[in-house]
Participant: 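Have a look at the structure that comes next, please.
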Number of protein chains: 2
Amino acid sequence: MPPTKVKNAGTAITTPAPAPAGPTGQPRTAGKPRPLTRIQREKHDIILQAALEVFSLHGFRGATIDQIAEVAGMSKPNLLYYFPRKEEIHRRLITRLLATWLAPLQEMDAAGDPFPEIRSYIRRKLEMARDFPRESRLFANEMLQGAPRIIEMIEVDLKNLVDEKAAVLLAWMEQGKIARTDPYHLIFSIWATTQHYADFDVQVRAVLGPGRGGEGRFEDAARYLEQLFLFGLTPRPRP
Amino acid sequence: MPPTKVKNAGTAITTPAPAPAGPTGQPRTAGKPRPLTRIQREKHDIILQAALEVFSLHGFRGATIDQIAEVAGMSKPNLLYYFPRKEEIHRRLITRLLATWLAPLQEMDAAGDPFPEIRSYIRRKLEMARDFPRESRLFANEMLQGAPRIIEMIEVDLKNLVDEKAAVLLAWMEQGKIARTDPYHLIFSIWATTQHYADFDVQVRAVLGPGRGGEGRFEDAARYLEQLFLFGLTPRPRP
DNA sequence: CAGATTTTTGACCAGTTGGAAAAAGGTTAG
DNA sequence: CTAACCTTTTTCCAACTGGTCAAAAATCTG
């Protein structure tokens with residue numbers, strides 16, 4: 001009978017109450033998780049959004065709790081009430097992200113037609129780069145640092161998924177439906193070309209200039225990538 | 001008449017000597033730069049190497065002078081004797097890097113044959129990813145943060161170079177020598193696919209596994225990319 | 001070698017950082 | 001309404017941060 005949360009346990013009323021513990025710590029005998037309150041859910045969301053903003057820009061080390069708290073519109077101790085450690089915020093963000101990130105590849109269907117499948121995989125990844133650039137940058141930041149906090153997820157979950165889809169691609173190659181090439185590097189090249197538009201967005205916009213760097217750039221990219229992956233650069237006779 | 005470095009100006013010999021200033025500061029009336037000593041050149045190099053290591057891993061904000069000093073094998077004050085500010089080290093690194101980074105594209109020759117030119121551009125970029133991964137990551141880190149310290153170099157030097165080479169590519173397209181497509185996004189895709197092997201190295205190695213993630217991965221990548229950019233994924237009859 | 005210069009060191013500082021503690025202020029179920 | 005809980009604020013701290021400074025040590029130069 002561990003004396004966690006002993007309100008008035010026999011002894012004196014002056015029992016110092018050992019563990020106040022915020023909502024995420026939950027060391028209340030670790031038995032009843034006790035459902036999150038409305039405020040808790042709201043604040044958790046706000047904090048994670050703010051943290052995404054800051055972490056994706058400065059990386060884990062470069063981001064400060066103060067910054068996150070400011071973006072979240074609350075005081076540092078208040079933020080720490082919801083997430084007792086900086087690492088915890090980051091871990092949650094990264095874990096959630098990874099699931100989102102893998103989804104498009106998971107959808108690539110062995111039973112479908114190769115080209116439409118690959119084509120829509122590229123489209124989906126490009127849409128993610130457009131709609132979730134901060135997530136992409138958070139991921140990139142983590143990779144640049146050697147993925148210290150998610151390496152085993154990469155080595156297990158991601159690797160398994162890629163192995164599976166590489167087998168699918170390989171089967172398509174065997175059937176002569178797509179060109180025979182390295183399925184792993186094929187997947188890498190799809191990742192690289194699509195995420196580039198989120199991670200190197202500044203560069204893309206600067207190089208395209210004010211004229212072509214506007215919203216249309218994602219449509220242009222989609223068109224270009226489609227052609228690249230379909231035919232490469234070999235000139236074809238006009239249809 | 002600002003009193004910078006008044007050697008013995010009339011007053012007493014006990015003049016407090018206003019600016020000792022390290023070798024890089026050079027406020028000795030800013031007149032004679034005085035050539036760097038052997039030790040200065042050596043230490044500058046050592047520090048820049050160490051800083052590259054640390055900055056490329058943690059970004060500007062996440063890196064500390066202490067870390068850099070430790071990697072460089074010297075004390076923090078000693079390091080600060082050579083580079084009086086953290087920003088200065090980073091600036092030097094980034095400036096030097098940008099020149100190296102642009103070189104391969106500069107070499108792409110309008111007078112050459114399109115496919116060999118593009119092919120060897122890809123090869124060179126891939127070699128850089130292999131041989132200078134830290135430089136690549138430093139660059140990526142800067143981009144992720146919105147390139148605050150090099151935005152105008154990107155907007156001017158890089159943009160001009162890309163504009164020039166895009167024109168070359170466009171000319172090749174007009175002549176029917178390569179497929180008609182977007183030259184800017186073509187260049188982006190070459191950058192993305194090659195730098196991926198430096199910036200996302202952990203992921204690449206983890207996914208390829210111990211078997212194929214060894215040194216051979218760059219050769220495999222080169223072969224794959226060559227095919228991608230030449231023919232895409234459309235199956236071709238066996239030669 | 002001596003004197004001038006350059007390099008290195010150790011002590012120090014003000015501001016920032018992640019985080020702890022406790023008390024004050026709000027909510028809400030009974 | 002009120003007791004129990006949840007949330008927020010205030011105050012504080014030790015470690016770390018970028019950077020200074022004077023003195024000591026090493027090096028170079030004539």
Side-chain angles (χ1 to χ4, degrees), chain A residues 4-8 13-28 32-44 46-47 51 54-55 58-70 72-90, chain B residues 5 7-8 13-14 16-28 32-44 46-47 51 54-55 58-70 72-91:
Chain A
T4 45
K5 193 66 188 184
V6 187
K7 205 42 199 285
N8 277 340
I13 297 188
T14 54
T15 306
T24 40
Q26 292 172 353
R28 39 182 114 263
K32 279 188 180 273
R34 185 172 299 199
L36 297 181
T37 69
R38 169 184 56 86
I39 296 180
Q40 278 167 8
R41 265 168 312 181
E42 286 173 12
K43 293 294 167 81
H44 274 221
I46 292 174
I47 292 170
V54 178
F55 279 136
H58 299 291
F60 182 75
R61 284 233 42 199
T64 75
I65 300 183
D66 277 298
Q67 278 176 85
I68 299 172
E70 196 194 321
M74 63 180 74
S75 68
K76 178 171 65 169
N78 195 188
L79 184 151
L80 283 166
Y81 167 71
Y82 292 100
F83 290 92
R85 350 231 108 230
K86 188 186 176 187
E87 276 225 359
E88 182 59 21
I89 311 178
H90 194 263
Chain B
K5 191 67 190 184
K7 204 46 196 287
N8 274 340
I13 298 187
T14 53
T24 40
Q26 292 174 353
R28 35 181 118 264
K32 280 185 180 276
R34 185 173 301 198
L36 297 180
T37 70
R38 170 184 56 88
I39 296 181
Q40 278 166 6
R41 264 166 314 176
E42 287 173 11
K43 292 293 165 81
H44 273 219
I46 292 175
I47 292 169
V54 179
F55 279 135
H58 299 292
F60 181 75
R61 283 230 43 197
T64 75
I65 299 183
D66 276 298
Q67 277 177 86
I68 300 172
E70 197 194 319
M74 64 180 71
S75 68
K76 178 170 64 170
N78 195 186
L79 183 149
L80 283 166
Y81 168 70
Y82 292 100
F83 289 91
R85 352 231 109 229
K86 189 186 176 188
E87 276 226 359
E88 182 59 21
I89 311 178
H90 194 262
R91 214 184 48 73

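Lettering follows sequence order; numbering is per chain, from 1.
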Participant: Return the set of residues passing side-chain contact (heavy atoms from CB on, under 4.5 Å) with B/N78 (not counting sequence neighbours), or none when no residue passes.
Facilitator: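 Result, side-chain contact (heavy atoms from CB on, under 4.5 Å) vs B/N78: B/M74, B/S75, B/Y81, B/Y82.
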
Participant: Under 4.0 Å between a side-chain N or O of B/Y81 and OP1 or OP2 of C/dT8?
Facilitator: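 B/Y81 to C/dT8 OP1/OP2: no side-chain N or O under 4.0 Å.
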
Participant: Does a side-chain N or O from A/S75 land closer than 4.0 Å to OP1 or OP2 of D/dT9, or not?
Facilitator: yes

Participant: With sequence neighbours left out, write down each residue that passes side-chain contact (heavy atoms from CB on, under 4.5 Å) with A/L80, or none if nothing qualifies.
Facilitator: A/I65, A/K76

Participant: When you measure from the side-chain N and O atoms of B/Q40 to the phosphate of C/dT7, is any distance below 4.0 Å, counting only OP1 and OP2?
Facilitator: yes

Participant: Expressed as a whole number of angstroms, how long is the span from A/K43:NZ to D/dT7:P?
Facilitator: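 Nearest whole value for this atom pair: 8 Å.
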
Participant: Are there any protein N/O atoms within less than 3.5 Å of an N/O atom in nucleotides 22-25 of chain C, and if so, which ones and at what distance?
Facilitator:
none

Participant: State the CZ-CD distance between B/R91 and B/E88, to the nearest 0.5 angstrom.
Facilitator: 4.5 Å

Participant: Once you round it to whole Å, what is the distance between C1' of C/dT17 and CD of A/E70?
Facilitator: 15 Å

Participant: If the sugar-phosphate is the primed atoms plus P, OP1 and OP2 and the base is the rest, what is the B/S/- string for nucleotides 12-30 of chain D, using protein heavy atoms under 4.0 Å?
Facilitator: -----SBBBB------S--

Participant: Round to the nearest Å and state the distance from A/F83 atom CZ to D/dT7 atom C1'.
Facilitator: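 In whole Å, D/dT7 C1' lies 15 Å from A/F83 CZ.
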
Participant: Identify the heavy atoms of B/I47 and B/I68 that sit nearest to each other, and give their distance.
Facilitator: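 It is O-CG2, 4.2 Å.
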
Participant: With sequence neighbours excluded, tell me which residues meet salt bridge (charged side-chain N to carboxylate O under 4.0 Å, His left out) with A/R85.
Facilitator: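 Salt bridge (charged side-chain N to carboxylate O under 4.0 Å, His left out) list for A/R85, sorted by chain: empty.
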
Participant: Strictly below 4.0 Å: does B/N78 bring a side-chain N or O up to OP1 or OP2 of C/dT9?
Facilitator: yes

Participant: What residues form a ring-ring contact (aromatic ring centres under 6.0 Å, His included) with B/H90, not counting sequence neighbours?
Facilitator: B/F55, B/F60

Participant: Can you tell me how far OG1 of B/T64 sits from CZ of A/R61, rounded to the nearest 0.5 angstrom?
Facilitator: 6.0 Å

Participant: Ignoring hydrogens and geometry, is there a side-chain-to-backbone donor-acceptor pair from A/K43 to A/L79 under 3.5 Å?
Facilitator: no

